[in-house]
J.: 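Quick one: the structure is below, and I'll ask about it shortly.
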Amino acid sequence: MLSIPYIRKNLEEVKAGLERKNVVVNLERLLKLDDKRRQLKTETDKLRSKQNKASKEIGAAPAEKKQAKIKEMKSVSDDLKSGLAELEKTENKVKEMLITIPNPAHKTVPKGKKDTDSVVIRTEGKKPVFGFKPKDHVELGKTLDLMDVERAAKVSGSRFVYLKNELALLEYALVQYAFNKLKSKGFTPVVPPVLVKGMAMYGTGFLPADESQIYKTEHDDLYLVGTSEVSIAGYHADEILNEDELPKRYAGFSTCFRREAGTYGKDMGGMFRVHQFDKVEMFSFAKPDESYQEHDFILSIEEEIMKDMGLHYNVVNICGCDLGVSAAKKYDLDVYLPGQDAFRELTSTSNTTDYQARRLNIRMRTEKENVNVHTVNGTAIALGRMLIALMENGQQKDGSIKIPGVLHKYAGFEKIGPKSS
RNA sequence: GGAGGGAUGGCAGAGUCUGGUUUAAUGCGGCGGUCUUGAAAACCGUUGUCCUUCACGGGACCGGGGGUUCGAAUCCCUCUCCCUCCGCCA
């Protein structure tokens, strides 16, 4: 959510940032509506002031004068009531407009109309060389008995998967590796709730924009999170943080649920795009003037993890049209998957500036005034997709899969061999 | 699931029965100061958030929402959360 005083002061800049996202909003109409709101506020405040004064007089007045005074105040009370009703109506209209306006894109975000307009800013690692035709994760998963998609379909439907054997163990090795690394970098490890109230969804900007992507429970008005970003952002809702405790960093492990509406036929089979996966997420509450620095920091950790895993990847500056509502800027790391012979998104990090913090009412105490903090999120490890990358990139000629050295101590094995029996 | 109790500022806690000088008492904590070689103690001062106004000022907020009233922390309705006991349960 944007602040109206900010829009008032920086109208052209806000418009340019929205245009970068290919979004057109009638901001003049919004400001006009807010003018009306302020006028009504002044009027009703005056009536209230009158009422407060009279109320004291009535309390102190002798009994015979009381009735006349009360009669006189009746009309003021009526005026106030109708004024308040109109004020509320106008306030709601303003809020309604405001809640749908996305966060304007930063000026370093590429303009564009399609996802191909995003810009690869650098490529790291080496493309793996195989002396044979590499298999994709679906085949590897089947021959090594690591995944079962068919039975998942029987039990849950399409886009679900059972992880089995070493792959199930490897997931937990990755989680431990990630928690340890992030703890050493100042992140507080967290396992948050995955069912949340509407407040958290609206606060993070997933509602109302992405309603079709979100699972909602039938009887309890709770939503299943698509990322632990939602529950972690909401953790400090309605709080005022001290300046010297920022940045506050959290590493959240959670299962993530996504409906994937409108993706029929895309990435079918296997577990690249599934309704349910686990993820370790980084999340920072940062001082406003440090959020881009924090964004770079989180990107650097994502890259460190990719390097630990020995993966070949692109760093992509995502174009305006592909930014979510709340992001002002976003980098993806696209990793080379031999099975597809393509770079695919494995992690993503966004600076949402004060957009979520304003909606969630998260502030920072400064000497002058309290200001909204900035929030930055980034994937540490999307477990399903990381497992795909490790399987496809680690596969050997004999059909086994070598796993990265940093994971050996957590996994308790160094490779996933063909079943001997 | 059943029965009862509760929600007031950073924290503790009065005010609710009986609506009106309550700009929410008091204590603790925090911050500043006096005193002190320094500290503690003591004493003095200060200490919420938001909206509105160029400013002076005005207004709102006692868990959320609604109602009664000239006027609600206080009365009524409703929802949420917390606590105690019973039942069930990984």
Side-chain angles (χ1 to χ4, degrees), chain A residues 1-9 30-99 191-203 207 216-223 231 234-246 248 253-255 285 288 354 356-373:
Chain A
M1 194 159 65
L2 304 180
S3 105
I4 288 187
Y6 183 84
I7 298 174
R8 244 177 237 290
K9 258 185 230 151
L30 174 72
L31 293 182
K32 233 180 182 168
L33 207 57
D34 186 59
D35 285 339
K36 188 181 172 194
R37 192 201 112 244
R38 291 198 294 187
Q39 189 202 328
L40 285 165
K41 163 86 173 140
T42 309
E43 283 169 17
T44 51
D45 276 0
K46 268 186 193 154
L47 287 172
R48 270 194 158 126
S49 174
K50 206 169 170 181
Q51 198 174 58
N52 287 341
K53 233 184 250 167
S55 181
K56 266 178 204 160
E57 285 169 21
I58 290 171
E64 68 271 18
K65 281 195 177 169
K66 244 176 206 178
Q67 283 315 310
K69 202 86 185 165
I70 286 171
K71 215 171 171 188
E72 193 187 320
M73 289 314 293
K74 175 74 176 148
S75 73
V76 174
S77 176
D78 289 345
D79 288 352
L80 179 58
K81 260 173 204 157
S82 65
L84 284 176
E86 204 180 339
L87 175 62
E88 196 191 343
K89 229 167 71 189
T90 312
E91 273 175 346
N92 285 340
K93 270 190 204 161
V94 171
K95 260 186 226 160
E96 217 171 279
M97 265 192 95
L98 218 44
I99 198 109
V191 180
V194 294
L195 282 164
V196 300
K197 297 184 195 174
M199 172 278 281
M201 282 294 178
Y202 278 94
L207 283 176
K216 186 173 191 293
T217 59
E218 189 180 348
H219 300 293
D220 301 287
D221 263 335
L222 291 171
Y223 300 86
S231 4
Y235 186 69
H236 286 300
D238 295 318
E239 292 183 21
I240 304 175
L241 306 171
N242 287 322
E243 192 170 1
D244 56 18
E245 60 182 336
L246 297 176
K248 246 176 148 35
F253 166 83
S254 86
T255 302
F285 299 86
D354 62 357
Q356 296 180 329
R358 182 165 295 108
R359 288 179 172 226
L360 289 165
N361 194 27
I362 305 170
R363 288 161 296 164
M364 167 184 101
R365 210 183 304 280
T366 69
E367 277 189 32
K368 271 194 207 156
E369 53 178 353
N370 297 327
V371 297
N372 287 111
V373 301

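Chain A is the first sequence line, chain B the second, and so forth, proteins listed ahead of strands; every chain is numbered from 1.
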J.: Sugar-phosphate atoms are those with a prime plus P, OP1 and OP2; base atoms are the rest. Using that split, label each nucleotide of nucleotides 50-57 of chain B B, S or - for protein heavy atoms under 4.0 Å, 5' to 3'.
T.: SBSS----
J.: Would you mind pulling out the nucleotide paired to B/U23, Watson-Crick or G-U wobble, both distances under 3.5 Å?
T.: none
J.: Can you tell me the pairing partner of B/G1 across any strand shown, Watson-Crick or G-U wobble, with both distances under 3.5 angstrom?
T.: B/C86
J.: If we take the C1' atom in both B/A40 and B/C35, what is their distance in whole Å?
T.: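 12 Å, rounded to whole Å.
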J.: Could you tell me the Watson-Crick or G-U partner of B/A55, where both distances fall under 3.5 Å? Say none if there is no partner.
T.: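 Its partner is none (no Watson-Crick or G-U wobble pair with both distances under 3.5 Å).
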J.: In whole Å, measure the gap between the P atoms of B/C82 and B/C76 for me.
T.: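 Each nucleotide's P atom is 25 Å from the other's.
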J.: Against A/Gln39, only a single residue in A/Glu43, A/Lys36, A/Lys41 fulfils side chain to side chain donor-acceptor pair (under 3.5 Å); can you say which?
T.: A/Glu43
J.: Measuring only the C1' atom in each nucleotide, how far is B/U47 from B/C28? A whole number of Å is fine.
T.: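 It works out to 13 Å between them.
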J.: For a side chain to side chain contact (heavy atoms under 4.5 Å, CB included) check, start with the C-alpha distance between A/Asn372 and A/Met364, then their side-chain angles and the critical distance, and finish with the verdict.
T.: CA-CA 6 Å; A/Asn372 287 111; A/Met364 167 184 101; over 6 Å; no
J.: Can you check the A/Leu40 CG to B/A60 C1' distance for me, whole Å?
T.: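 Rounded to the whole Å, the gap is 16 Å.
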J.: Does some side-chain heavy atom of A/Ile4 sit less than 4.5 Å from a side-chain heavy atom of A/Val94?
T.: yes
J.: Please state the C1' separation for the pair B/G30 and B/U36 - nearest whole angstrom.
T.: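 Nearest-Å result for B/G30 against B/U36 at atom C1': 22 Å.
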J.: In whole angstrom, give the distance that lies between atom CG of A/Leu241 and atom P of B/U49.
T.: 14 Å
J.: Please indicate whether A/Asn242 has more than 12 foreign heavy atoms, meaning atoms of other residues, nucleotides or ligands, lying under 6.0 Å from its CG.
T.: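 Yes, the 6.0 Å shell around CG holds more than 12 heavy atoms from other groups.
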J.: Rounded to whole Å, please give me the gap between CD in A/Glu245 and C1' in B/G10.
T.: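 In whole Å, B/G10 C1' lies 13 Å from A/Glu245 CD.
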J.: In whole Å, what is the span from the CG atom of A/Asn242 to the P atom of B/U49?
T.: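 So the CG-P distance, A/Asn242 to B/U49, works out to 12 Å.
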J.: Could you check how far NZ of A/Lys197 sits from C1' of B/G63, rounded to whole Å?
T.: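 Answer to the nearest Å: 11 Å.
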J.: Starting from P on B/A60, measure out to CZ on A/Arg48 and report it in whole angstrom.
T.: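 Result: 5 Å.
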J.: Rounded to whole angstrom, note down the P distance from B/U21 over to B/A73.
T.: 10 Å
J.: Shorter than 3.5 Å, N or O on both sides, protein versus nucleotides 88-90 of chain B: list them out with atom names.
T.:
none

J.: For B/G33 versus B/G27, give the span between their P atoms, rounded off to a whole number of Å.
T.: 22 Å
J.: Evaluate A/Leu30 against A/Leu2 for side chain to side chain contact (heavy atoms under 4.5 Å, CB included), listing each step before the verdict.
T.: CA-CA 12 Å; A/Leu30 174 72; A/Leu2 304 180; over 6 Å; no
J.: Is any NZ, NE, NH1 or NH2 atom of the basic residue among A/Asp79 and A/Lys46 found under 4.0 Å from an Asp or Glu carboxylate oxygen of the other?
T.: no
J.: Could you please name the partner base of B/U68, counting Watson-Crick and G-U wobble pairs only when both distances are under 3.5 Å?
T.: none
J.: Determine whether A/Met73 and A/Ser55 make a side-chain contact, defined as any pair of heavy atoms from C-beta on separated by less than 4.5 Å.
T.: no
J.: Should A/Arg365 and A/Val371 count as side-chain neighbours, where that means a heavy-atom distance under 4.5 Å?
T.: no
J.: Between B/U80 atom P and A/Leu222 atom CG, what is the distance in whole Å?
T.: 12 Å
J.: If you measure from the C1' atom in B/G6 to the same atom in B/G63, how many Å do you get, rounded?
T.: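 Going atom to atom, C1' in each nucleotide, I get 11 Å.
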J.: Do A/Asp78 and A/Lys81 meet the salt-bridge criterion of a basic N to acidic O distance under 4.0 Å?
T.: no
J.: Paired with B/A60 by Watson-Crick or G-U wobble geometry, both distances under 3.5 Å: which nucleotide is it?
T.: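 Base partner found: B/U49.
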J.: Could you check which nucleotide pairs with B/C43 in any of the strands shown, counting Watson-Crick or G-U wobble with both distances under 3.5 Å?
T.: B/G33
J.: Using purine N1 to pyrimidine N3 plus N6-O4 or O6-N4 for Watson-Crick, or N1-O2 and O6-N3 for G-U wobble, each under 3.5 Å, what pairs with B/A73?
T.: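 No nucleotide pairs with B/A73.
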J.: Check step by step if side chain to side chain contact (heavy atoms under 4.5 Å, CB included) holds for A/Glu88 and A/Asn92.
T.: CA-CA 6 Å; A/Glu88 196 191 343; A/Asn92 285 340; 4.1 Å; yes
J.: Can you build the contact string for nucleotides 70-78 of chain B? Use B for base contact, S for sugar-phosphate-only contact, and - for no protein heavy atom under 4.0 Å.
T.: BS-------
J.: Answer whether the closest heavy-atom distance between the side chains of A/Leu207 and A/Tyr223 falls below 4.5 Å.
T.: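 Sidechains of A/Tyr223 and A/Leu207: in contact.
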J.: For B/G32 versus B/A41, give the span between their P atoms, rounded off to a whole number of Å.
T.: 15 Å
J.: A/Asn52 has a side chain; which of B/G66, B/U23, B/G59 sits nearest to it?
T.: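 When the side chain of A/Asn52 is considered, B/G59 is the closest of B/G66, B/U23, B/G59.
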J.: Tell me the partner of B/C81, counting only Watson-Crick (N1-N3 plus N6-O4 or O6-N4) or G-U wobble (N1-O2 and O6-N3) with both under 3.5 Å; none if nothing fits.
T.: B/G6
J.: Does A/Ile99 reach the side chain of A/Arg359, with side-chain heavy atoms less than 4.5 Å apart?
T.: yes
J.: Please determine whether a side-chain nitrogen of the Lys or Arg among A/Lys32 and A/Asp35 lies less than 4.0 Å from a carboxylate oxygen of the Asp or Glu.
T.: no
J.: Please report the distance, rounded to the nearest Å, between CG in A/Asp221 and P in B/C81.
T.: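 Answer to the nearest Å: 12 Å.
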J.: Does atom NZ of A/Lys93 have more than 12 heavy-atom neighbours, drawn from other residues, nucleotides or ligands, at distances under 6.0 Å?
T.: no
J.: Can you work out whether A/Thr44 or A/Arg365 has the more 5'-proximal nearest nucleotide on RNA chain B?
T.: A/Arg365
